[in-house]
Colleague: 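Here you go, one structure.
Just so it is clear: chains get the letters A, B, ... in the order the sequence lines come, proteins before strands, and each one is counted from 1.
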2 protein chains.
Amino acid sequence: MSDQGADTDLVRACLRQPVSRTPVWFMRQAGRSLPEYRAARGEGSILSAIGDAALAAELTLQPVRRYGVDAAILFSDIVVPIHAIGFGVDIEPGRGPVMAEPFRSAADLSRLRPLEPEVDVPYVAETVRLVARELAGSGTALIGFAGAPFTVASYLIEGGPSRTFSKVKTLMHSDPELWAELMDRLTAMAVASLRAQIEAGVDAVQLFDSWAGSLSPAEYHRFVLPATRTVLEGVADLDVPTILFGVGTGELLEAMGTAGSDVVGVDWRVPLAEARLRIGNECAVQGNLDPALCSAPWEVVAQATREVMASGSNGSGTGHVFNLGHGVLPDTDIGILAAVVDLVHQEGARG
Amino acid sequence: MSDQGADTDLVRACLRQPVSRTPVWFMRQAGRSLPEYRAARGEGSILSAIGDAALAAELTLQPVRRYGVDAAILFSDIVVPIHAIGFGVDIEPGRGPVMAEPFRSAADLSRLRPLEPEVDVPYVAETVRLVARELAGSGTALIGFAGAPFTVASYLIEGGPSRTFSKVKTLMHSDPELWAELMDRLTAMAVASLRAQIEAGVDAVQLFDSWAGSLSPAEYHRFVLPATRTVLEGVADLDVPTILFGVGTGELLEAMGTAGSDVVGVDWRVPLAEARLRIGNECAVQGNLDPALCSAPWEVVAQATREVMASGSNGSGTGHVFNLGHGVLPDTDIGILAAVVDLVHQEGARG
């Protein structure tokens with residue numbers, strides 16, 4: 001853990017401690033929406049960019065310079081660990097992660113050997129060190145992340161992005177033993193990846209269970225929550241705040257609030273005040289401006305931002321990390337995002 | 001309204017009256033999953049098939065013969081009315097409705113003239129009459145349908161299927177007057193379409209607000225619920241049961257329960273017992289087996305079906321229409337769907 005991290009508003013908000021102003025960052029803040037990103041990335045593949053620590057550090061820092069957000073998030077991808085151990089994955093522009101050979105049966109477990117971060121993904125720790133050095137003393141935190149076991153499994157089994165999650169649901173129900181073994185491997189992988197990032201200097205970590213909202217509450221409890229808990233327990237001794245996030249999780253928030261994270265991220269469908277009731281008082285909340293609104297006229301976005309601020313405040317002004325309800329959309333007006341940061345800082349300033 | 005309709009379990013369940021057994025039908029039960037559908041459809045476009053009353057009647061009846069479901073649903077599409085008035089829409093196989101020129105501004109309102117069903121879509125009433133004649137006295141109901149104003153608007157404005165609904169959300173927030181005018185036109189169109197179907201002989205109607213779940217509760221209340229109510233009021237005097245359905249509507253069920261429908265359809269994310277609490281006692285519930293599970297082994301599907309039956313029962317065994325939580329997926333095992341019908345009939349049999 002970097003030394004300055006504990007002094008940032010981001011970390012304090014995650015821990016429900018007093019902040020100087022409500023911290024704000026945006027999921028997918030680094031990316032195609034930024035012209036400087038498109039210029040720096042050029043034609044190479046995203047996995048190559050992630051593997052180039054100097055470039056990845058630059059891409060991580062770009063949105064901090066452009067927006068003045070309170071946190072950088074490591075430029076990486078949730079499939080980097082499975083790519084690094086040779087599972088066979090490509091990230092197709094405009095589509096997402098696609099598996100060369102999807103996970104189908106117990107025989108595929110052998111393709112998921114343990115991750116050795118220092119050997120398999122040395123560039124990740126190197127990127128963290130480069131960014132942490134740059135941010136030292138700035139008051140800006142660095143967030144690391146991993147894919148939660150269910151969401152990574154959904155890519156492995158579906159073979160790519162899915163709208164129905166039919167194959168992954170079928171596997172968990174029809175072969176619970178194989179599912180448990182797969183979850184165990186992906187849990188260990190997430191823990192190893194997060195620990196390496198924390199040891200290299202990130203100040204907080206987010207666990208992306210982006211597609212958990214496709215599940216019924218019963219499925220989430222039985223097939224997903226135990227592994228999620230184990231990941232979070234696996235980094236608890238390292239003493240950085242943890243954020244658990246998914247989309248469309250209205251029915252799951254109560255369960256997610258028991259997973260052991262410091263913060264639960266919420267999409268735009270559930271007002272934050274209502275989300276707090278479901279999640280419980282042991283967690284901070286993160287969110288939840290609708291990214292689809294960020295190409296609307298400024299008055300619309302400003303009004304929506306104020307509503308999120310009002311709903312996210314728990315009265316004492318602590319325990320809210322402002323974010324979008326999901327990632328920045330590629331055609332978002334970046335001037336609007338800059339104005340959102342300013343407005344959050346202005347509205348969320350204290351003392 | 002056909003005379004036999006009131007004597008079907010489907011209609012009685014919608015009205016929370018005693019049934020001989022829990023009725024079951026499947027959204028998208030007619031379609032690509034059936035070999036007899038693929039054989040009958042051939043190479044023509046789906047809009048041509050809908051315009052051919054004899055063919056559309058045959059496609060409507062195929063799933064009744066194959067599965068023994070308690071309701072046929074008219075073979076049609078929610079964009080048929082806008083197609084018929086010349087807005088310019090095609091249904092692309094595997095993608096969905098695509099607009100030649102999306103709705104962008106007030107100037108486009110003139111492209112949405114009122115629907116005159118007897119002139120614009122005479123084949124719809126003809127299909128209803130053909131199917132109603134075939135089903136007379138069989139105990140199988142015929143369901144008509146329309147797209148709810150928001151969901152039709154989302155196609156008009158986005159230009160096709162969307163994952164973000166960014167353009168439609170931007171329009172409703174940034175130009176509420178134009179949005180209200182658009183809703184008025186689409187409300188009148190849905191009412192005209194539903195009234196024509198009811199007068200031709202359907203026994204119940206479903207209003208598909210499939211994508212309402214993309215909205216926040218505040219957006220739904222302000223921009224969508226009023227128009228939905230007006231549609232339902234517009235057919236109330238014709239005295240057939242109405243069903244209101246959307247996907248991912250957990251946060252909206254309370255509002256949807258006040259829209260004036262007899263039934264609210266629920267996807268698989270909210271257990272039906274919980275859905276009843278949100279919707280209130282004035283409505284029956286429809287759903288909610290996860291369609292993604294229908295290619296799993298039978299034991300998995302059977303267990304999930306029993307859970308839906310248990311959760312859907314309100315104690316007195318009334319007020320539940322069994323269905324999937326969304327449409328049948330193209331690669332669904334149709335033997336499984338037939339077995340689901342048998343199991344629902346067996347488990348839901350009374351007296």
Colleague: Can you list the residues that meet the side chain to side chain contact (heavy atoms under 4.5 Å, CB included) rule with Ala30(A), with sequence neighbours excluded?
Modeller: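 Partners of Ala30(A) by the side chain to side chain contact (heavy atoms under 4.5 Å, CB included) criterion, ordered by chain and then number, come out as Pro63(A), Phe75(A).
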Colleague: Compile the donor-acceptor pairs, distance criterion under 3.5 Å only, formed between chain B and chain A.
Modeller:
residue   : atom : partner   : partner atom : Å
Ser166(B) : OG   : Ala292(A) : O            : 2.8
Ser166(B) : OG   : Ser295(A) : OG           : 3.3
Lys169(B) : NZ   : Asp290(A) : OD2          : 2.6
Gly213(B) : O    : Arg269(A) : NE           : 2.7
Ser214(B) : O    : Trp268(A) : NE1          : 2.9
Glu251(B) : OE1  : Arg278(A) : NH1          : 3.4
Glu251(B) : OE1  : Arg278(A) : NH2          : 2.7
Glu251(B) : OE2  : Arg278(A) : NH1          : 2.9
Trp268(B) : NE1  : Ser214(A) : O            : 2.9
Arg269(B) : NE   : Gly213(A) : O            : 2.7
Arg278(B) : NH1  : Glu251(A) : OE1          : 3.4
Arg278(B) : NH1  : Glu251(A) : OE2          : 2.9
Arg278(B) : NH2  : Glu251(A) : OE1          : 2.7
Asp290(B) : OD2  : Lys169(A) : NZ           : 2.6
Ala292(B) : O    : Ser166(A) : OG           : 2.8
Ser295(B) : OG   : Ser166(A) : OG           : 3.3

Colleague: Ala275(A): what forms a side chain to side chain contact (heavy atoms under 4.5 Å, CB included) with it, not counting sequence neighbours?
Modeller: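 For Ala275(A), the residues satisfying side chain to side chain contact (heavy atoms under 4.5 Å, CB included) (neighbours in sequence not counted) are Leu253(A), Val266(A), Val270(A), Ile279(A).
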Colleague: At a 4.5 Å cut-off on heavy atoms, which part of Leu215(B) comes close to chain A: side chain, backbone, both, or neither?
Modeller: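 Only the backbone of Leu215(B) comes within 4.5 Å of chain A.
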Colleague: Phe245(B): which residues meet the ring pair (Phe, Tyr, Trp, His ring centres under 6.0 Å) condition with it, sequence neighbours left out?
Modeller: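 Applying ring pair (Phe, Tyr, Trp, His ring centres under 6.0 Å) to Phe245(B) gives none.
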